[in-house]
Every structure is written in structure tokens, then in C-alpha cells.
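Report on one structure; see the data block that follows.
Just so it is clear, the values below take in all heavy atoms, side chains as well, and ignore hydrogens, waters and symmetry mates. Position 1 is the first residue of the sequence, and the numbers go up from there. The structure presented is a predicted model; accordingly, all values stated were derived computationally and were not measured.
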Amino acid sequence: MSTKGKKHICKLCNRPYFDLGKKIHSCPKCKSKTPPKGKSKKTEKPKDTSLLMELFEVTDPSSGKGYSISSGVLKLSFPAIRLGWHAVIGSEIKSKEIKNKDALIYLNEAPLKGLQAYLSSVKFKGVGAVTSRDLIANHKAGTLRTLGGSPEFIETELDVKDDVAKSLKAGWVAKPDENIFSIIMNEMGLLEMQIKEITKTLGADIIAVLNTDPFSLVKALPRFNFQNVDRICRRLHIELNEEQLIVAATDYYLGDAENKLRHTCIPEDNTHQRVSELLQVTADKVQAALSSNKEAFVYKERKNRTVISTIESSRRDEKIAKEIKSIIEKHKSISDGRVFDSKNIETSDGITLSDEQINAINNVVKSPVSVITGGPGSGKTTMVQGLVSALKTLNKNVRLCAPTGRAAKRISETPGLAELGPSTIHMFLAKKRAAKNASEFDVMIIDEASMIDVDLMVDLLEAIPEGTSLIFIGDIDQLPPVGPGQPFKDLIESEMVLVSRLTGNFRQFSFSDTVKAARDVISGNIPKINSSLAQSDFVFLEVPPGEQADTVLNLYFDLMPAKLKVEPQDIQIISPQRPGNVGVLRLNDLIQYQITGKSKPVFKKKSGNHEVTFYVGDKVIQRKNNYELKVMNGDQGVITRESGQDLMVEFDGAEIAFNGLQRFDLDLAYATTIHSSQGSEYPGVIIPVVAAHAHMLSRNLIYTAITRGKQQVCIVGEITALEKALAQYQRDFRWSGLTEQLKIKL
């Protein structure tokens, strides 16, 4: 009797799965293979990604036979044979016999939708959508049995013209092993990118995955979700028991929460409720099912609540904690017992460091892993100058990195730091991977560390040379990273590494209005309101909705450039969101029209439902890291000209050529989102804060926006919207398991 084979627990992802009777079997979730006993990994065969499938129809279940479309009669040596159409993994047909029931899927009705889509593809030249539709409508499953015949047979049986018959024949025999696979993929309604991924990683074994763990496809395939699994299982008559559904739905929900909300774990009771809503079952049933499958997830205590995370997320936290522990254990002292004071530390312009800055320097030079945090006016930049001076005195080799190109550039503009060659973390990692003999160094300083997400933190820690000290510098009150988690905050909260807090309170009398406003905002207080640019570097302009865009433009083109003695393009508009009357998209269009919009377009692209046109002279921002061009995500430049098929863009005095595909990574940058502005500073910033953006507004968002301005900050909008933003202090909160993992590991 055919079964699913033996049950195994994957050593990599800890998931249960069945081997389908195979000696060499792979976990359908993470694709790791288990070799047969007695054999080493060296003898393990490469993964078979054959696409060969076969279709057969059962007309009499009691006969134990199926009629395939190309192999004739097949013997079915398993019980409970069902009437109708089936698809089977080609390699499971041995001597025209199928023994493994779990190597096939049940379709019942012939896959006519998939067949029609396949015949409409470019593989069958000259057939097209209309002809394929008519063939299926007139001949139904008979079309399948006919395609393997000669052109003359096809012409006669399907009543088509000679050229169509030849095209059908040519397409069918071009790559015969792919025919049924392609039909089944189309029948399941998969996207082209999903089919490509299955072709590369699973092949015909997609059938085995659908039988054992169909929900593993949610993480394995791009743009594939829980609802897609349900739809496919319904089409393939795959019945999932309620417990299996609950476990899969929980895994989906936790992954979705990380992708959309950036939480890396979720309170257990919240998870029960959300999964119950997703499946329309009671929360008690969810709790019972998860209690019976404790090995499928990881449970921890966080803020006096039990939280649940995926195994992948927990292992990522464990990796971070393990790497930090390794750095601490292998640390080599760099301080030599020296104590620094204001007399033996150099800063620019002869600035004297405060006691808290000097204490921070003396603490971090003795520590393997340390954090320095402080807000605007706290003296972080001056302290870094002093820290680098102290490290030079100790003859230590220092690396200086930041998460974004703009942040790295800002560091390089600080006196005494440019010679260290500040780079993005991504550029450091790329050079590290490319170098055969990677250079060693004693200390790495990471600025704007609050922007580092958990994935980047793992990559960074794994790349740090043994014995190197690590210093994270940032503002704990900034927005959390764009990616998942919040390792900077977690490090501080764990209290397992040295933390130095800079306040700058010793010079509070000299704080600018902008610094005072930022401190008021993060405390939840409305800052002192001034509406005159002439009187303050922090201004709030109360403007009704119909006049907000015009006010922003007036500030951008006239008022702020006149006060700061800069060009309009040196001013940065940072808006909470892209759509809307004063959102990024519309403001970019309005400004572009006045600056470049009447000239000849050099490039157009679609951004969602919005078309973006580019002209020579446009201010642009790079949206992805491009190591080939050495242009990083967040870098801003200006389009200078066209050169053949290339678009020339100037970044910090260097002209870079963007080819066809590379141009699509550019976007207009007269206005950007507040999230995109993290790590950057500008002479002046304009911030729309309006009721229409209420669902995006939060205390940390406004704080981050205000702290982008060096000389002038102007908020345009409604005071009620600002009040609502300051009341939203929990909106940027993230559930993360890293703090507790650090406490356990360290």
C-alpha cells in the first residue's frame, strides 16, 4: 500500500515532512536534502529539477487503470483511485506503473484553462488567444489527445488550417518534457515569475510539495500568499485538515507581519485572534492547534507577554546574539589603560569636549561592543571627531560606515573623518566579499545605526574581522529601520552592551529653535510656534488644505532660498507619504513643471499608477544599491545630459552613465518621503503635516523630519494634524525577540 513514506524533521528549518518513499529526499520548505544513511554529502546527487509530468484520465476506478495522453494505459497500484483526470511526476512512472499515490495530484476535470493559456503562448506561433479558445470550446479534452499526432492528424481531428496544425505540432514537440508541466502551472493560475522559480528549484516535484506542505510555497515563491494556496488546493481537490490550516495560517500571518509591519515576533494572544479571523475559526481552536504543534514556532517572553515567532526569525536573532558574543569573547584591548581628557583629544575648530563626551570616548575604547546614542544638539558629531582622534593616538586602524550613501557622504564632510573613507555598509560588505585577502582593522564605527535592520545586522556582524571592536552610533528616537526589526534599540534595551547617552544639556542655552522643537516633539509636547522665517529657524505655517501646495512651492522657490542664500534644489521637501495633494508625487510634478518640465523628455517610466517623466536638470534619487556604478540607495544627483542610449547623472561632481535598465532605479527627488530622508541632512527642509496624512503621522516620524534640517525647518499644514501626530507614540513600536535573545546569550 502506498503511503507518504517516513516522517522526518528537517535539520535546517526544524519542519516535519514525509520522504515519499525516496532514499534521497528534500525538505519542501527550505529545500535542504537528507542523503541516504551511510553516504556522505560528497556522494549526494544534485537536485533533480526535471519538468517531466504526465496527464492521465481514469474512466473506471475499479479497473486500476488510467489512460495517459502520451504513454497509453498506466497501471495504478494504489487504493482509492478517483474518477477523472490526474497529473503525475514523470519519474514516478516505472514500466507504465504508478505506485506512489502522493506523486500525483487530482484534477477531476481536464486542465482546459491551463491548456488554453499554454496554446496561446509564444511557443505556438500563429495560434493565438482566439484560436486556442475555439479549440478548447469545440474539442475540450480531445485537444490534449490530438496534439501528439502528426500535423495531418491534428488538422483533421481539430478542424484547423494546415499552418495552424503545423504550428501546434512544432510547439508541442519543441520541448515535450515541459508540455504538461506548463499546462498544470497555467491551470493553477501562477504568475510567470512564480513559474520561473518553480522551474528553477522544484520542477515536477511541485506535485510532492503540494501534497505534503503546500503552504511552504508562500515563502518559496514571489508574490504568493495564503489565499493563493487555498485557491490552488481547491482546484486540485487537496483537503487540508483544520490543524494543518491553522499552523500554515500562523506561519503566513507572522511572515506577513514582518513584511508589512516589520515585527519579527507577535504576542501569542494577538496571533490567535488574527489567525482565527483569517480562517473564520475560533481563537480556542487556533490555540489548541498551535499547542499541538509547538515545534513549528518559537515562543519567548517579551514585555510580560508571550510572543511567537517563526523559526527563521528566531534563528536570525540567535545569529546576531552569537556573533556579538563572539566579538566580546575574542576582543583584544585597544585602550592600553590610557585615560583621555580634553587636553589630548583633537576636535575641529578647537571645540572643547564635555565630560559626558569624554566619558563616552573612554568607555568605548575599552569595550568590544558599545552604543552611543543622543538626539539633536547632543554633540554626537563632535564626539565622533574626538573618538577618532583618540583611536589615532592609540595607532588603531579604523573603518567608518553608515547605512546609506547620504549618511556616509555627510560623515565624509566632517573635518577629520574624510581621510577614513566613510562608505555605506553595503559597499563595505561588497568589497569584503570581493577581496581575496580582506584587510584587517581594529575598530568599526557605524553612524546612523538606528537605520540598520536585522538582516543587514546579520551580514555586518558576520563580516567583522576577529578581534575588532564595534561602535554603534545613532539616535534611539529616530524612526525604526525600513526593514524588519530594530537591532539598535534592542541592543540598548538589553543592557548587555555598554551604552553611552549624550544629552548636550550642558549647553542647552545655545540650542536652536529647531533643536528645542525636536526635543519637544519627541516628548509629546507642541513646540513653540513661530510663523516668521525672519525670526526663527523653526516655523509652523497654519494653512488650509486648498492653499497648502502653493505655500510649499512659495517656500521652496522663493522664501527659504532667499533666507539661506542657497538654490531651491538645496532645499528638501519631505512628506509623510507619496500620494495626496501635498504628497511626494504631486509636489515633484509641480516643481518639475516649473524647473524642467517645458524641455524635451529624456526618459519615462511607470511608478505604480503614476507616470514619471525625466528631463535634463532634474534632481533625482537612486532607489537601489548599484555596486557596479557605485551609487547607493538614497544618493541624490542631477540629470546632466543624454549620451547615446545612456542617461548621464551627476553625483557629487562625478558623472555616472545609466543604461536602459539602470534608469528605472531613479526617481524624482525635489520631494521625498520622510523615511527616504533618514541619514540625510539639508540646509532647509519643508514638511507638510496635514489631516489627509493622518494615518501615517506619528511622533517619531515628525521628530525624524525635523532633525533633517540644519539651518531652517518649516512645517506647513494644520496644527490639529500635528497634535494628532504627537499623540501617536506607539505607531512606530515594533515587537522583536532580539532583546531577550541577547539577554540569554550574553
Side-chain angles (χ1 to χ4, degrees), residues 9-17 27 29-30 213-220 225-227 229-230 240-322 453-455 457-458 480-481 483-487 489-490 493-494 730-745:
I9 301 296
C10 178
K11 294 181 179 179
L12 182 60
C13 73
N14 205 36
R15 297 288 176 136
Y17 71 97
C27 170
K29 187 160 192 69
C30 69
D213 188 7
F215 293 101
S216 66
L217 296 175
V218 172
K219 291 184 178 180
N225 60 36
F226 186 81
Q227 287 75 18
V229 177
D230 182 63
L240 302 168
N241 63 53
E242 191 171 72
E243 185 172 295
Q244 188 179 10
L245 274 169
I246 288 171
V247 172
T250 302
D251 191 66
Y252 166 76
Y253 167 64
L254 293 174
D256 197 51
E258 177 170 314
N259 292 333
K260 294 180 179 177
L261 303 176
R262 307 305 192 223
H263 301 299
T264 58
C265 62
I266 296 290
E268 185 180 29
D269 51 348
N270 289 11
T271 302
H272 294 164
Q273 184 60 37
R274 293 303 299 273
V275 173
S276 73
E277 293 169 0
L278 186 64
L279 295 178
Q280 297 297 300
V281 299
T282 66
D284 289 342
K285 284 188 175 182
V286 175
Q287 183 177 4
L290 295 184
S291 295
S292 299
N293 291 271
K294 282 284 187 181
E295 76 283 353
F297 303 99
V298 176
Y299 296 82
K300 296 178 183 177
E301 294 300 313
R302 175 71 172 146
K303 294 189 178 295
N304 298 317
R305 298 178 72 177
T306 300
V307 294
I308 178 173
S309 67
T310 62
I311 292 171
E312 295 88 343
S313 176
S314 181
R315 286 198 172 150
R316 188 174 51 197
D317 290 341
E318 290 174 7
K319 184 68 173 176
I320 291 173
K322 178 183 176 182
D453 63 33
V454 284
D455 294 313
M457 181 64 84
V458 170
Q486 50 181 22
K489 286 186 177 180
D490 290 339
E493 187 180 342
S494 74
Q730 286 285 353
R731 179 163 283 169
D732 297 308
F733 174 80
R734 291 186 180 178
W735 286 103
S736 165
L738 180 57
T739 295
E740 306 308 319
Q741 188 61 48
L742 289 167
K743 290 180 179 179
I744 295 171
K745 199 74 178 180

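For the side chain to side chain contact (heavy atoms under 4.5 Å, CB included) test, residues two or more places apart in sequence or in another chain that qualify with L240 are P214, F215, C233, I238, Q244, L245. Taking F733 as the reference, K303, Q730, W735 meet the side chain to side chain contact (heavy atoms under 4.5 Å, CB included) condition, with sequence neighbours excluded.
Atoms NZ and NZ, from K319 and K745 in turn, are 10.0 Å apart once rounded to the nearest 0.5 Å. The structure places OH of Y299 at 12.5 Å from SG of C265, a figure rounded to the nearest 0.5 Å. For the atom pair CZ of R734 and CD1 of I266, the computed distance is 11.5 Å after rounding to the nearest 0.5 Å. A distance of 11.5 Å separates CG in L738 from OG in S309, rounded to the nearest 0.5 Å. Between the NE2 atom of H263 and the CD atom of E258 there is a distance of 10.5 Å, given to the nearest 0.5 Å. In this structure, the separation between CG on D230 and CG on N225 is 10.0 Å, given to the nearest 0.5 Å.
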Applying side-chain contact (heavy atoms from CB on, under 4.5 Å), run through T271 and F297 and close with a yes or a no.
CA-CA 12 Å; T271 302; F297 303 99; over 6 Å; no
Worked check of side-chain contact (heavy atoms from CB on, under 4.5 Å) between T250 and I308:
CA-CA 10 Å; T250 302; I308 178 173; 4.2 Å; yes
Might you work through the side-chain contact (heavy atoms from CB on, under 4.5 Å) test for V458 and R316, ending with a clear yes or no?
CA-CA 7 Å; V458 170; R316 188 174 51 197; 3.7 Å; yes
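The pair R302-E740 counts as a salt bridge, with a side-chain nitrogen and a carboxylate oxygen less than 4.0 angstrom apart.
The shortest non-hydrogen separation linking K300 to V298 is CE-CG1, 4.0 Å. Taking each heavy atom of D455 and P484 in turn, the nearest pair found is OD2-CG, 3.7 Å. G737 and D317 make their closest contact through C-OD2, 3.5 Å (heavy atoms, listed as atom of the first residue, atom of the second, distance). The two residues V454 and I320 come nearest to each other via the heavy atoms O-CD1, 3.9 Å. Residues V247 and A296 share a closest heavy-atom pair of CG1-CB, 4.1 Å. Nearest heavy atoms, S494 versus K743: O-CE, 3.8 Å.
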Show me, pair by pair, the donor-acceptor contacts under 3.5 angstrom made by side chains of residues 275-286, not counting sequence neighbours?
from: S276; atom 1: OG; to: H272; atom 2: O; distance (Å): 3.4
from: S276; atom 1: OG; to: Q273; atom 2: O; distance (Å): 2.6
from: E277; atom 1: OE2; to: Q273; atom 2: NE2; distance (Å): 3.1
from: Q280; atom 1: NE2; to: E277; atom 2: O; distance (Å): 2.8
from: T282; atom 1: OG1; to: K285; atom 2: N; distance (Å): 3.2

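When the options D213, D251, D256 are evaluated for a salt bridge (charged side-chain N to carboxylate O under 4.0 Å, His left out) with K219, the one that passes is D251.
Considering only heavy atoms from C-beta on, E268 stays 4.5 Å or farther from V307 through its side chain. Put simply, the side chain of R305 reaches to within 4.5 Å of the side chain of N270, judged on heavy atoms.
The backbone N or O of G485 lies less than 3.5 Å from no partner atom in the side chain of S736, so there is not a single donor-acceptor pair.
Annotation: K260, atom NZ; neighbour count of heavy atoms from other residues, nucleotides and ligands within 6.0 Å does not exceed 12.
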